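Below: the structure, in structure tokens.
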Number of protein chains: 2
Amino acid sequence: MPKKRPQRSRPTLKDVARKVGVHVSTVSRALAAQTNNRLAPRLVEKIRRTALRSGYRPNPAARALRTRRSRTIGVVIPDIADPAFPPIIRGIEEGLARNDYVAIVASTDGNPRRQQRVLETMRARGVDGLIVASALRSDAMLSKLASGIPVTTVIRKADAAGFSSVLHDEDDGIRLAVTHLVSLGHRFIATIAGPQTLSTGHNRHAAFNRHAKLLGVSLTPPLAAFARAFYEAEGERCTEELLVTGRPFTAIVCANDRLAIGAIAALRRHSLRCPEDMSVTGFNDMPLADRLSPSLTTVRVEHFRAGVEAAEIVVDMIEREGSEEPRQLVLPVELVVRGSTRRAPRRNTDRNAELSSKFA
Amino acid sequence: MPKKRPQRSRPTLKDVARKVGVHVSTVSRALAAQTNNRLAPRLVEKIRRTALRSGYRPNPAARALRTRRSRTIGVVIPDIADPAFPPIIRGIEEGLARNDYVAIVASTDGNPRRQQRVLETMRARGVDGLIVASALRSDAMLSKLASGIPVTTVIRKADAAGFSSVLHDEDDGIRLAVTHLVSLGHRFIATIAGPQTLSTGHNRHAAFNRHAKLLGVSLTPPLAAFARAFYEAEGERCTEELLVTGRPFTAIVCANDRLAIGAIAALRRHSLRCPEDMSVTGFNDMPLADRLSPSLTTVRVEHFRAGVEAAEIVVDMIEREGSEEPRQLVLPVELVVRGSTRRAPRRNTDRNAELSSKFA
DNA sequence: GAAAATCGTGCAAACGATTGCGCAAAACCG
DNA sequence: CGGTTTTGCGCAATCGTTTGCACGATTTTC
């Protein structure tokens, strides 16, 4: 029974030092890339070998205590169960691992109080930096609680300066979607916008207005409904809202995939088929978007890459000691055309027919 | 320019001690629940107040160094982008937060080498315990790398003793699904089983065999296809495999939702409609399962709760110093009937008609 | 060939908390 | 009231690293 060694803890610097016959400080220097050039190469080699052989692992607590660096990044997510976020987290994980950092992630449910708690425990935990996917456009709390350590937002952007950010090219994404619809003959295009408190919601909506005008398909007044959250249920509600206006339209540009899913469901309840009667576009190309029926025409974004880049940015900010100003990165997007969009119906459905003829 | 204080670090025990006029050890004791009863109540009160007022937060690194406890749990997930896992992670997060622990999570992609790396960095990070959702039935590596710290598996179980586990009642779930189908008149039921290297895959398949026999609907030889992974594509492949047997069946019990989604897609390619021609059941009730078309009849499991329970279990094992043996928890499941199952067709589709009549 | 610069390593002090031990003062006992 | 126990708190060591400084030995420089 190897129960003899009750706390067989890992070897420490001291153990390695004893084995090699040098002082612990020498071992420490030999193992660190920045300092081992001041030692005799032969010694360094020897130390490294015995360290490796004895399975030495630096004690993270001791190192953190001494260096005031935990090599830990806090990741704040609105809702990890939302399919948009896991790929980002994966990317962050990847980007951090490359630099020997780890993440502690927490969800906020979009609830400011929870976000505050989360940020506080992260500060208490001594994270070296923060990656925030839950930022509001004006997020006073974030500015307050995040002061002093590098912060980057992903996917969303806070208006306040001082944060780095990595974003998708929302404007181009919406441009692609609208252009696509127009090329299919759609002229009456409604939109379901996301929450205007979020940069995504706001920017996509602004982009929609801009490009609709540019392409000469803007309606007056604009045919838009505003979702209070990026959920399917809100997509349904907004669709109802659009339908009860009685105004004609043949396509809906949704601010994200989940809204689009809700929209399609609501349309179906009203016996409007997608894509035959109504084209719908999403945004994100979330997992399963290709497996729905109809499969979703949407804007593909590089969530994984966004995570990686965000991780690299915080790490970089940390290691350069904040001597740098915030960076902004915008990732390209791409339209993926699938089953939810189709050539605009010549003969509109009954309810649209009368009205659209007025406008034609 | 408030650049004067270059490293305005948080107050330490020493700061609080100086302010109150006592020794740091006294402050330490006053702040810990186990030791403050040895101090004068009035003093404790005073210390706590000034600690609070000055915004004191224990330095986690220092504490970890001294106590050899990081209050950090490693969470190992096969793939965080798989919709089954985020709710579990949320649950873990919740369960850990209640006890003032945090999680560091990493994905393995079901890749043993990656799992090894992940487990190693977690050990190196000094996690106090492990929650593993990626366990294989026989996972030698896990047994090796996890030795010495409390481990619990979630959702999946490793055969090796020594681990706690929290599982869903797979057997009952499959029983519910099969019973449901039988009550709808199905007599020829095929199954798409999951990977037999995973406890889920294995147990659900065993359960299917058992209950099919119990209900008198087992086919000989059994009509089963084995997925190599819990992916949609495998669901498609397995469905093809079932169809080419040429044997009649009117329902497929799938080992999870993603396989079911793949199955439905493959059926559609063969002009078999679900549920009119073929009923399909899933397992998990993953997000969006209710939004697919057809919406999925499936077995709902309590993923969130599983996470919470797993967290509570590891924490408990840690705080009791491993003086306890592993615990096993099985959570109840529930059938949720939706659109993908329907009364068995009287007149089977052409290809089933001839054959099923033979068996009828 | 002596002074100066460089090199290679050891010494010891942190970092901030926890905790066994000791020692006064207070409380208790007969 | 003297002696014993209890109470309340301080002392100092310790956890494992990192890093400024010191210092002898080499090498360089003029």
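Predicted model, so just to flag it, every value in this text is computed and none were measured.
- Between B:Arg68 and C:dT18 there is no side-chain polar atom (N or O) within less than 4.0 angstrom of OP1 or OP2.
- A:Ser28 comes within 4.0 angstrom of a nucleotide base, judged by non-hydrogen atoms across all strands.
- Legend: residues meeting side-chain hydrogen bond (donor to acceptor under 3.5 Å, both in side chains) with A:Gln328, ordered by chain and number and at least two apart, are A:Ser165.
- With contacts defined as side-chain heavy-atom distances shorter than 4.5 Å, the pair A:Val75/A:Glu93 does not qualify.
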Contact letters for nucleotides 5-10 of chain C, in which S counts primed atoms plus P, OP1 and OP2 and B counts the base, heavy atoms under 4.0 Å: ---BBB
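- With sequence neighbours excluded, the residues satisfying side-chain contact (heavy atoms from CB on, under 4.5 Å) with B:Pro87 are B:His303.
- Considering only residues two or more places apart in sequence or on other chains, B:Glu312 meets the side-chain contact (heavy atoms from CB on, under 4.5 Å) condition with B:Arg98, B:Asn99, B:Val308.
- Within a heavy-atom distance below 4.0 Å of DNA chain C, no residue of residues 53-60 of chain A is found.
- In the helix from C:dG1-D:dC30 to C:dG30-D:dC1, the end axes, each obtained as the rotation axis mapping the C1' atoms of four pairs onto the next four within a five-pair block, lie 30° apart to the nearest 10 degrees.
- Look at CG on B:Leu13: it is 15 Å from C1' on D:dC11, rounded to the nearest Å.
- For the residue pair B:Ser70/B:Asp128, the side-chain donor-acceptor check at 3.5 Å is satisfied.
- At whole-Å resolution of the value, CZ in B:Arg63 and P in D:dG16 are 18 Å apart.
- For the salt bridge (charged side-chain N to carboxylate O under 4.0 Å, His left out) test, residues two or more places apart in sequence or in another chain that qualify with B:Arg305 are B:Glu302, B:Glu309.
- Judged as a side-chain contact (heavy atoms from CB on, under 4.5 Å), and not counting sequence neighbours, the contacts of A:Thr152 are A:Ile131, A:Ser164, A:Val166, A:Ala310, A:Ile313, A:Val314.
- Counting only residues at least two apart or on different chains, no salt bridge (Lys or Arg N to Asp or Glu O under 4.0 Å) pair has a member in residues 53-65 of chain A.
- A search for side-chain hydrogen bond (donor to acceptor under 3.5 Å, both in side chains) contacts involving A:Asp109 returns B:Arg90, not counting sequence neighbours.
- Residues meeting the side-chain contact (heavy atoms from CB on, under 4.5 Å) test with A:Lys46, sequence neighbours left out: A:Val20.
- A straight line from CZ of B:Arg10 to P of C:dC15 spans 15 Å, rounded to a whole angstrom.
- The salt bridge (charged side-chain N to carboxylate O under 4.0 Å, His left out) test applied to B:Asp82 returns B:Arg258, not counting sequence neighbours.
- Distance CZ (A:Arg66) to C1' (D:dT19): 5 Å, rounded to an integer number of Å.
- Atoms CD (A:Gln34) and C1' (D:dT18) sit 11 Å apart, rounded to a whole Å.
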